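In each ligand, atom 1 is the first atom listed, and ligand 1 is the first ligand listed. Note that the structure is predicted; figures quoted are calculated from it, not measured.
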Amino acid sequence: MAKIAMKFGGTSVADIERIRHVATLVKKERDRGNEVAVVVSAMAGETNKLVAWTNDAATPPGSNKHPLPDQREYDVVVAAGEQITSGLLAIALGAIGVPARSWMGWQVPILTSATHGSARIEGVDGEMMNESLAKGEVAVVAGFQGVAPHDRISTLGRGGSDTSAVAIAAGLKADRCDIYTDVDGVYTTDPRIVPKARRLEKISFEEMLEMASLGSKVLQTRSVEIAMLHRVPTRVLSTFDPDRGGTLLCDEDEIVEKKPVTGIAYSRDEAKITLMKIPDRPGIAAAIFGPLADAGVNVDMIVQNVSEDGKRTDLTFTVTRGELARALAAIEKASEHIGYRELTQDANVAKVSIIGIGMRAHPGVAQTMFRTLSEKGINIQVISTSEIKVSVLIAEEYVELAVRALHSAYELDVA
Ligand code: ASP
Ligand code: MG
């Protein structure tokens, strides 16, 4: 007998008929003699609707200002979508003779930080749930939510049910975490823009972490971190065709064939800011990035030029588009202190990244990327690298062309 965590995303529970289908998949797993905990997302589109309501409610009548809603109350509202689907799935399981009980984040409890709207899971107490599983009940857990200090409901950031699922699997010491979704696994790149993308049988935790944080939307980044930390064998598979394929997230040494590049990720959610003619002196980076950090802006890529005269230089960095306005405000507020002469911004940029553990052993991987992009006439604006990835910032209009060309150049296309 094994203990399995199963997770179903929004499209898998989009209506009652699909919830009934999910119930049959859960029953099958239980009929194999396994203990089963299921984590569900809200019905597709539901969370967006709830988010929009909180924004509307926060706007004073007749005003065109859109203040952020109180984040504690935001969490109360947006966590509701998962409450509904967990109850419905428990009911649908009962209807086919499977005893089941729903669990809200606070009932498990799934303890989180106090950062409402994007809380981090700090611990999962699996004891009560394990007792319930031992009695033969299926536990249906509302994903995306937890309980913050002072017993307030919290949520984990968009896409957070993946993280709930892996954390539950780790907390229950489950043998496996199966993430059922609307695609049948992790692909070499987004199949919507590269029809020749291939499904990966296996991908290492490290690579998946890079893929997720560099723009692949299959799993929430935080869920991969937890899977990696607790070594939870995690599979991604299709709700609608569960017997086909799937991708296993695993340790690096379980992967025999290490190609230089495993996958290509892209993100359009990028904006670039350049400060021109800043004084070239110690402390200048701190003067720029300190105020940004204080404003809660995450800076991603950074390049500083060599100064020609030893006095002034230029510095470019990127942030997400959603944080651009906040970043500009913070820089302008600190402008006297920084002493730049000119500022330019560009939100029509995108980041394309190649990822692969094989890169460590293969020299010249980055060069293939640069050559391929140059052959297509695509200008590289910023480059950043780590041991297992190379990212470039390019004009947004070239994203699809770049991803397709790189996919062929690294021989990832299906035959
Ligand atoms: N329902 C939440 C969202 O749409 C969480 C999730 O689906 O993972 O972001
Ligand atoms: Mg998701």
Side-chain angles (χ1 to χ4, degrees), residues 5-15 18-19 22 37-55 69 71 74-89 102-106 108 110 112 115-121 124 140-147 153-169 177-187 190-192 208-209 211-227 234-240 246-247 249 265 267 269 320 322:
M6 303 170 85
K7 183 257 170 178
F8 293 91
T11 46
S12 309
V13 293
D15 54 38
R18 290 190 182 175
I19 289 177
V22 166
V38 194
V39 176
V40 287
S41 292
M43 290 176 171
E46 206 53 30
T47 310
N48 287 345
K49 187 182 86 187
L50 298 172
V51 169
W53 281 354
T54 65
N55 289 327
Q71 291 296 289
Y74 165 94
D75 276 351
V76 171
V77 177
V78 302
E82 275 73 9
Q83 171 157 347
I84 293 171
T85 45
S86 55
L88 287 172
L89 180 57
S102 65
W103 297 76
M104 299 307 105
W106 61 270
V108 176
I110 298 172
T112 76
T115 37
H116 284 274
S118 57
R120 286 172 73 89
I121 294 182
V124 173
V140 188
V141 185
F144 185 49
Q145 48 165 275
V147 56
I153 292 172
S154 55
T155 63
L156 309 177
R158 298 306 304 271
S161 305
D162 296 333
T163 301
S164 309
V166 180
I168 288 280
C177 182
D178 286 343
I179 310 255
Y180 288 83
T181 178
D182 50 2
V183 290
D184 64 347
V186 179
Y187 277 69
D190 184 349
R192 283 168 305 183
M208 192 63 221
L209 190 58
M211 291 281 274
S213 66
L214 293 169
S216 151
K217 301 231 163 54
V218 185
L219 292 175
Q220 200 198 32
T221 306
R222 186 72 189 122
S223 71
V224 187
E225 276 172 22
I226 297 179
T234 302
R235 290 195 306 172
V236 177
L237 58 175
S238 159
T239 309
F240 308 107
T247 299
L249 273 57
S267 158
D269 187 16
T320 62

Short list, please: which atoms of ligand 1 are under 4.0 Å from a heavy atom of G159?
-> 3 (C), 5 (C), 6 (C), 8 (O), 9 (O)

May I ask you to check if ligand 1 and F144 share an N or O to N or O distance below 3.5 Å?
-> no

Smallest separation among heavy atoms of S164 and V39, with atom names = CB-CG1, 3.9 Å

Side chain of D75, backbone of G117: donor and acceptor closer than 3.5 Å?
-> yes

Under 4.0 Å between heavy atoms, the region of E82 that gets near ligand 1 turns out to be side chain

Pick from I84, L89, L88: which one makes a side chain to side chain contact (heavy atoms under 4.5 Å, CB included) with V40?
-> L89

Which of the atoms of ligand 1 are close to S41, meaning less than 4.0 Å from one of its heavy atoms?
-> 6 (C), 7 (O), 8 (O)

Can you find a pair of side-chain heavy atoms, one from N48 and one from R158, that are under 4.5 Å apart?
-> yes

Taking the minimum heavy-atom distance to atom 5 (C) of ligand 1, which of A142, S161, S164 ranks first?
-> S161

For G160 and ligand 1, answer yes if some heavy atom of the residue is under 4.0 Å from a ligand atom, otherwise no.
-> yes

Under 4.0 Å to a heavy atom of R158 - the qualifying atoms of ligand 1, by number | 3 (C), 4 (O), 9 (O)

Do R222 and L156 touch side chain to side chain, with heavy atoms closer than 4.5 Å?
-> no

Take atom CH2 of W103 as the centre, draw a 6.0 Å sphere, and report whether it contains more than 12 heavy atoms from other residues, nucleotides or ligands.
-> yes

Counting each atom of ligand 1 from 1 as listed, which ones have a heavy atom of T47 under 4.0 Å away?
-> 1 (N), 2 (C), 3 (C), 4 (O)

